[in-house]
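Report on the structure given below.
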Amino acid sequence: MIMDIDWFKLINDSMGHVSGDELLVALAERLKQFTSRRDILSRFAGDEFVFLFASKGHDLKNKLPEIIERLDRVFHDPFSLGKRKIRISASKGIAMYPKDGETFLDLLKNADAAMYHAKHQKPGSYAFYTQTLQYSLIEEMETEQNLIDALTQKEFELYYQPSIHLPSGRAIGVEALIRWRRPHYGLIAPNKFIHIAERTGLIEPIGNWVLKQACKDFLRWPNDGILLDYISSNVSSVQLQNPNFVQTVKQTLEITGMEPHHLELEITETAFIEDFQGSLDKLKEIRELGVRVAVDDFGTGYASLKYLKELPADSIKIDRLFVKDLPDNQNDVAIVSSLVTLTNNLKLGLIAEGIETEAQRLYLLNAGIKMAQGFLMSRPLPETELLTYLAENHISNEVQQISGLQTKA
Ligand code: C2E
Ligand code: MG
Ligand code: MG
C-alpha cells in the first residue's frame, strides 16, 4: 500500500518546511504504532509512505477493512505543530501480490496508480488497483499533456447542431459543439477531454476560444444568405465560477462585434449548484447584457422548483434521457407534458434534446414542444456541411420576425 498525504505542499508552503518535517516525524511515530512487527513500513519519498503487509493475498483482502479502519484512526486526532493543531488526511492505493504484480516495482507502480485514482475521487479515501484503472490513468495523463498543445496547434474545431422549430421543421439557431482533431487519433468527442480540461484549468482558454470562434463564424454566415436567430455555446461550471466570467463574455461581444441577442450560453444545472447565489448574480448580469441563458441537460442534476423559479434563464433544454424512451414510457410522457405546462406558465422556452425517431418528433410536436435538436433532423455538422443544410432548412430572419418565431425580441 502506498499512502500520500493530502495537501502536503500547502502545509509546507503555509507553515514552513520545518513544520512540514515535524509533521512527517509525528505521523511516522503514529504509523509505527499502527504496523505489526511482520509488516514493513517505510517513508518512501516526500510525503509518501509505503507499507508491505506480510499476510497472504486472500487473508489480507479479508483483513483490509479492519486495517484501513485502524489506519484512519491514526489521522483522527490533530497533530500539534508548534502552537497550532492541524488535522490531515492521506490517500491510499493498494496492489496485491501476485495478482497485481510479481515484482516490487510493478506492485509499487500499480499501488501508486490506485492511490492517484483515490486522491482524485476523494482525498483521504483508498482504492484497489485494477487493470482498467492503469489504462485510463495513462490515457488521462497523455491527454492532459497533449491538451496543453492542442490550443496553440489549432487542433480544436467547432461542429454545429441546428435547433429546429418543430412546427415548421426549419432551423432557427445552432449549438456549437467542440471537437478535438488529435493527430494520430482522429476526431475526439468532448466527453473524452472536457473533464480533464476542467480539472487542469485549461477549460478557461478553451472555452474562451469556443465562444469567440462561434461568434466569428455566426457573423460570417449572412454572406451565404444565412441569418439565424441565435448561436449557442456551452459553458463549463469552471468558467462560470471565474469572477471575470461576465467581463470575458462582454469583451468577446465587443471584439467580434456580435450582437448580444444573437448569443445564447448553455449552462448545466449542476454548474450553479456549487455557488448558487454567485452564479445567479452572474447569469443576471449576462442577461442584462442582452445575452440569452439556457439551462442544459435539464433534469439530470439537482432540478428543483425553487431554483427554477429564481433562475435568470430564457429557456431550458430537456435532456435526452427523458426523450429517448418516448412515446412508450409513461413516466417520461408525464414529465414532458408537465414541463410544457410549467415552462409555459413561467414564460420559459423549452427545447427537447436528442430526437432520434419520427415517433419521438411527432409525440413532442403534439405535446406542444416548439423547439428541438436531434440526429433525426441533423447531427452536429462541420461548418461547410452546416451551411449546405441551412441553405435548404432554415427560416430567414425576417420571416422569423414577422411570424414572431424569435425566442426573444
Ligand atoms: P450537450 O451540450 O448536452 O450537447 C448535446 C450532445 O448530444 C452532443 O454531444 C450531441 O452530439 C449529442 N446529440 C445531439 N442529438 C442527439 C441525438 O439525437 N442522439 C444522441 N444520442 N445524441 C445526440 P457532443 O457533441 O459529444 O457533446 C457532449 C457534451 O460535451 C455536450 O452536451 C456539452 O455538455 C459538452 N460540450 C460540447 N462542446 C462544449 C464546449 O465547447 N464547452 C463545454 N464546456 N462543453 C462542451
Ligand atoms: Mg449544450
Ligand atoms: Mg444537453
Side-chain angles (χ1 to χ4, degrees), residues 147 150-151 155-164 166 171 173-181 186-218 230-242 245 248-249 252 263-272 292-301 303 313-326 349-361 363-364 369 371-382 385-386 389:
L147 262 181
L151 252 186
E155 289 169 10
F156 293 116
E157 294 176 13
L158 290 185
Y159 272 45
Y160 291 103
Q161 186 176 36
S163 295
I164 308 294
L166 279 183
V174 289
E175 173 178 5
L177 294 158
I178 195 169
R179 301 288 180 264
W180 179 12
R181 194 169 293 282
L187 204 61
I188 302 189
N191 54 14
K192 292 262 192 266
F193 64 88
I194 290 287
H195 66 286
I196 301 173
E198 287 179 328
R199 186 160 52 66
T200 54
L202 281 168
I203 192 67
E204 297 271 351
I206 295 176
N208 292 346
W209 176 83
V210 172
L211 193 61
K212 200 159 153 194
Q213 192 62 41
C215 291
K216 281 191 195 163
D217 287 350
F218 183 86
Y230 67 93
I231 190 164
S232 57
S233 168
N234 293 283
V235 171
S236 148
S237 61
V238 179
Q239 291 172 272
L240 184 64
Q241 272 156 32
N242 186 324
F245 178 65
T248 306
V249 174
T252 309
L263 180 64
E264 179 174 83
L265 300 183
E266 295 190 11
I267 321 255
T268 58
E269 47 180 15
T270 35
F272 39 78
R292 302 179 201 182
V293 172
V295 181
D296 205 354
D297 304 343
F298 186 80
T300 58
D314 299 84
S315 55
I316 63 177
K317 302 184 74 170
I318 320 173
D319 195 74
R320 195 173 81 84
L321 193 70
F322 304 101
V323 172
K324 69 180 179 31
D325 298 325
L326 287 175
L350 184 59
I351 300 178
E353 296 189 282
I355 299 193
E356 290 183 352
T357 68
E358 183 55 22
Q360 290 165 350
R361 188 188 69 83
Y363 173 79
L364 291 167
I369 301 241
M371 294 294 301
Q373 287 174 289
F375 292 173
L376 180 70
M377 291 83 78
S378 170
R379 288 182 173 261
L381 302 169
E385 285 177 41
L386 174 83
Y389 175 90

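Computation of the quantities below employed the complete heavy-atom set of this structure, encompassing side-chain atoms and omitting hydrogens, waters and symmetry-equivalent molecules. Counting starts at 1 for both ligands and their atoms, following the listed order. Please read these numbers as outputs of a predicted model, since none were measured by experiment.
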Between Glu204 and Asn242, does a side chain to side chain contact (heavy atoms under 4.5 Å, CB included) hold up when you go through it step by step?
CA-CA 9 Å; Glu204 297 271 351; Asn242 186 324; 3.1 Å; yes
Would you call the rings of Trp180 and Phe156 parallel, tilted or perpendicular if under 30° counts as parallel and over 60° as perpendicular?
tilted
Side chains of Tyr389 and Met377, heavy atoms from C-beta outward: is any pair under 4.5 Å?
yes
Is the side chain of Glu353 donor-acceptor paired with the backbone N or O of Gln373 at a distance under 3.5 Å, no angle test?
no
What one should report as the nearest heavy-atom pair of Pro190 and Ile178 is CD-O, 3.3 Å
Just wondering, more than 12 heavy atoms not from Arg199 lying within 6.0 Å of its CZ?
yes
Under 2.8 Å from the Mg ion (ligand 2), the protein N, O or S atoms found are Glu175 OE2, Asn234 OD1, Glu266 OE1, Asp296 OD2
I need the Phe298 CZ to Ile318 CD1 distance, nearest 0.5 Å.
9.0 Å
Supply the atom-to-atom distance Arg361 CZ to Leu326 CG, rounded to the nearest 0.5 angstrom.
14.0 Å
Who are the residue neighbours of ligand 1 when the rule is a heavy atom under 4.0 Å from any of its atoms?
Gln161, Glu175, Leu177, Ile178, Arg179, Pro190, Ile194, Val210, Asn234, Ser236, Glu266, Asp296, Asp297, Arg320, Glu353, Gly354, Ile355, Glu356, Gly374, Phe375, Pro380
Is the closest basic N to carboxylate O distance between Glu175 and Lys317 below 4.0 Å?
yes
